[in-house]
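Only one structure is covered here, and it is reproduced in the block below.
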Amino acid sequence: MKKQNETKNKTTMAGAFGKLLPVMVKATPFLFTVNMLLSVLHSISFGVETMMRQRFFDSAVDVAGGKTGIGWAFLALAFLGITNVACQVLNGAANFLPGVVEGKTSARLSMAIQKKIARLDPAVFEDTEKLDDINKAEQGKNSAFWFVYNVLAILTFYIPYFIFMGWYLFSLKPILVSAIVIIFLPTALAQLIRAKVFSHLEDTSAPVRREYEYYETCMAGREYFKETRILGGFSYFRKLYQESLICLQKLKFKATMKSNLFELSMRAVSTAGYCCILWMLYDALIKQEVTVGAFAAVFNSIGMLYGVMEEVICRHMGNMAASAGSIRNYVNFLEMDERTGQFQAAPGWGDIVLENVSFSYPAGKKEDGTPEPEKYAVKNVSLTLHKGETLAVVGENGSGKSTLIRLIAGLYLPGEGTVKKNGTDTRELAMEALTGQTSAVFQKFQRYQMTLAENIVISDPAADCGESRLDSVCGMAGTEPGEFPEGYETMLSREFDGIDLSGGQWQRVAIARGFFRSHDLIILDEPTAAIDPYEETRIYNRFAEISRDKSAVIVTHRLGSVKLADRILVMKDGEAVQLGTHEELIAREGEYKRLYEAQEQWYKPIDCPAVVQ
Ligand SMILES: Nc1ncnc2c1ncn2[C@@H]1O[C@H](COP(=O)(O)OP(=O)(O)OP(=O)(O)O)[C@@H](O)[C@H]1O
Ligand SMILES: [Mg+2]
């Protein structure tokens, strides 16, 4: 965690620009180049127009004084007209093109987030601080394009324009160059403060935003609303939602007020500077230090210079400053440590050996912001899952079963100890190599709002998706496609004009998905919790048949079904307390016997006292 924070502070805006620019160029190389060229031409046309204006006024004064003929004044007017039209055309292009470039670039920036997410360590999603970073990155992506665009506009349009105007004003009267500095400094200072304020806002508001988005889901999310309504939780969540929304608005209001007040006072300073420059110009004209044409051109240009300066600082730099925090978050996210491994190829099917494996989830934070004490979810477990063996894992709620199987699968890396797949440490395996020949049905399986066929083949889209293969896995999982109105093409979503399934039916689809994936190792985490006992027995019997030549790990609370396993591992408080066959374990005093007997009680006849008439 410390490492991540260090990266966060290190990323400068220049660094962010350097990383984002290549992405933009690659998105639309041609349009991007045209846009830049037009921007430079636009800048030049502004400067040339100022010179043409001076020429026109000077020739008009000369005509009035009888020094030249009217033809020169018309010629100067024609040049002024041409540069003016060129300015307008280039201005139109400068307003239109960025919109086109933005569409294409935004898609690339979004893809970069998705690609990154795919390469992150899955354990990252258990860490609230890192979830915040992902949320912030989504926000930053939207500002990233305009940030790079604004920097480029400053480099290709504003800076050449200011250099030209600086040279022009200097050539007329050196002191006039101070106009640029006097107008620029206070406004730039205001934007610097703005950047700091909004960067801080971004950091403080991300957790609140995540909170209120979650409450929104609790109230209106399809999976939540039934329970929320029936248990009367709606008003409870609405209250929390309102509170977090108000908190967010207060944070935003405070930040906006602070930066606006400072900006207002700085604007007053630069307006005073602007008036001062106008007075100096008037004084220079009276003393005949500048011509009437130069006076008129500069008088006009100073107004424009002030406008352009305001535009660059308030609009462009202001937007950049306001979004600096979120852009930095976007870049930081792209820089986040990835799950890397030197071996890209799957290690091959063999024993999976755990040696003194311990794992703890990232610690949460207490109300006062201090971290919660770290607690082991799995502690010092040593175990060998032999090639082709079926292992059942049992234990009370929270004893570490699901965490252990994620470690066996290689989804999580152990904090201490090693997990070796066919001799290779999971830390050294790339994600694809780890998941290559592994399938799973998780405790919290997903209900994809897609067709029945898609819900199954999603686990192995490259495999044979023909109907006979689908029939085979559906048969094993107890799913009967004939019972669905449109067979495999039935849409499993009410939102997309399809049907919804019962909990048990959904679970069978999830099992079919797990079986569909080609695998050497399959992990089933309470796969039949919502399935009736009759169907459960059938599924397990079929599973025992097909997994005879595979490695398998089954987590279950129903001890009746563990008998199909070769060995049983008993977990308690994160530790592996017993390991053996059902017969071995039941013959000993211990956790397994205690659990087994507790369940057995449910199925024994109860001696009820006779009812007294
Ligand atoms: N995402 C998480 N973040 C923090 N702690 C977690 C997380 N998931 C699980 N834990 C903690 O890790 C411990 C083991 O949880 P695990 O889910 O592995 O238990 P389990 O044996 O599978 O329980 P169950 O039978 O209820 O599914 C528990 O104390 C739990 O509170
Ligand atoms: Mg579990």
Side-chain angles (χ1 to χ4, degrees), residues 1 117 120-135 207 210-211 214 217 339 352 354 357-367 370-383 385 391-417 419 426 438-446 503 506-507 510-511 514 522-531 536 552-562 565 568-579 585 590-592 594-596 598-599:
M1 192 52 49
I117 287 179
L120 288 178
D121 190 330
V124 161
F125 297 89
E126 306 292 354
D127 187 336
T128 44
E129 205 165 316
K130 292 199 175 160
L131 285 179
D132 272 349
D133 288 341
I134 296 176
N135 184 316
R210 202 162 46 83
E211 234 173 69
Y214 177 66
T217 314
R339 172 80 170 267
I352 299 178
L354 281 73
V357 168
S358 296
F359 179 88
S360 53
Y361 287 94
K365 278 188 182 158
K366 291 184 193 163
E367 293 232 322
T370 54
E372 300 266 8
E374 210 163 291
K375 186 177 155 261
Y376 283 114
V378 164
K379 201 169 155 192
N380 208 23
V381 173
S382 293
L383 165 81
L385 175 69
L391 178 79
V393 184
V394 300
E396 290 175 345
N397 291 132
S399 55
K401 302 181 296 294
S402 296
T403 311
L404 180 73
I405 57 156
R406 286 174 208 153
L407 286 158
I408 293 176
L411 211 53
Y412 294 167
L413 296 176
E416 292 152 42
V419 177
T426 47
T438 304
S439 188
V441 180
F442 287 112
Q443 196 172 4
K444 290 181 193 160
F445 57 87
Q446 291 310 316
W506 267 118
Q507 197 156 29
I511 295 172
I522 186 162
I523 283 165
L524 308 175
D525 192 354
E526 293 191 48
T528 54
I531 293 174
E536 183 185 24
V553 184
I554 305 171
V555 175
T556 181
H557 284 291
R558 301 199 193 167
L559 299 190
S561 53
V562 299
I568 301 159
L569 175 76
V570 188
M571 296 291 293
K572 189 172 170 59
D573 299 330
E575 294 184 59
V577 289
Q578 284 187 299
L579 180 67
L585 296 179
E591 181 70 5
Y592 184 76
R594 192 179 69 78
L595 290 169
Y596 194 84
Q599 275 194 17

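What's counted below: heavy atoms across the whole structure, side chains too, no hydrogens, waters or symmetry copies. First listed ligand is number 1; within each ligand, the first listed atom is number 1.
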Ligand 1 and R406, any nitrogen or oxygen pair closer than 3.5 angstrom? no
Which option wins on minimum heavy-atom distance to atom 20 (P) of ligand 1: P362, G398, G574? G398
Got a second to check how far L391's CG is from I405's CD1, nearest 0.5 Å? 11.0 Å
Rounded distance (nearest 0.5 Å) linking atom CD of Q443 with atom CD of Q507: 9.5 Å
Mind reading off the angle at the Mg ion (ligand 2) between the OE1 atom of Q443 and the OG atom of S402, rounded to 10°? 80°
[X] to [Y] - nearest heavy-atom pair and separation:
X: V419; Y: P414; value: CG2-CG, 4.0 Å
X: S358; Y: Y376; value: CB-CE2, 3.7 Å
X: H557; Y: G395; value: CE1-O, 3.3 Å
X: Y361; Y: A377; value: CE1-CB, 3.6 Å

Heavy atom of protein closer than 4.0 angstrom to atom 30 (C) of ligand 1: no
Near [X], which atoms of ligand 1 are under 4.0 Å from a heavy atom of that residue?
X: G400; answer: 14 (C), 18 (O), 19 (O), 20 (P), 21 (O)
X: H557; answer: 25 (O)
X: K375; answer: 29 (O)
X: E396; answer: 21 (O)

Is the backbone of V394 close enough, under 3.5 Å, to the side chain of E591 for a donor and an acceptor to pair up by distance? no
Please answer whether the main-chain N or O of G514 pairs with a side-chain N or O of S439 as donor and acceptor at a distance below 3.5 Å. yes
At what distance is the nearest protein heavy atom to [atom], and which residue and atom is it?
atom: atom 27 (O) of ligand 1; value: Q443 NE2, 2.7 Å
atom: atom 13 (C) of ligand 1; value: A377 CB, 3.8 Å
atom: atom 26 (O) of ligand 1; value: N397 ND2, 3.0 Å
atom: atom 17 (O) of ligand 1; value: S402 CB, 3.8 Å
atom: atom 25 (O) of ligand 1; value: K401 NZ, 2.7 Å
atom: atom 9 (C) of ligand 1; value: Y361 CE1, 3.4 Å
atom: atom 1 (N) of ligand 1; value: E126 OE1, 2.4 Å
atom: atom 15 (O) of ligand 1; value: T403 OG1, 3.8 Å

Would you indicate whether Y596, at its atom OH, is surrounded by more than 12 heavy atoms from other residues, nucleotides or ligands within a distance under 6.0 Å? yes
Sub-4.0 Å heavy-atom approach of G395 to ligand 1: no
Could you check whether any heavy atom of E526 sits closer than 4.0 Å to an atom of ligand 1, since that is the contact criterion I want to use? yes
side-chain contact (heavy atoms from CB on, under 4.5 Å) between L559 and I568, worked out: CA-CA 10 Å; L559 299 190; I568 301 159; over 6 Å; no
Between Y592 and V562, is the side-chain contact (heavy atoms from CB on, under 4.5 Å) condition met? List the steps. CA-CA 11 Å; Y592 184 76; V562 299; 3.2 Å; yes
Of the backbone atoms (N, CA, C, O) and the side-chain heavy atoms from C-beta on, which set of M571 has a member under 4.0 Å from an atom of ligand 1: side chain, backbone, both, or neither? neither
Salt bridge check: are E575 and K572 linked by an N-O gap of less than 4.0 Å? no
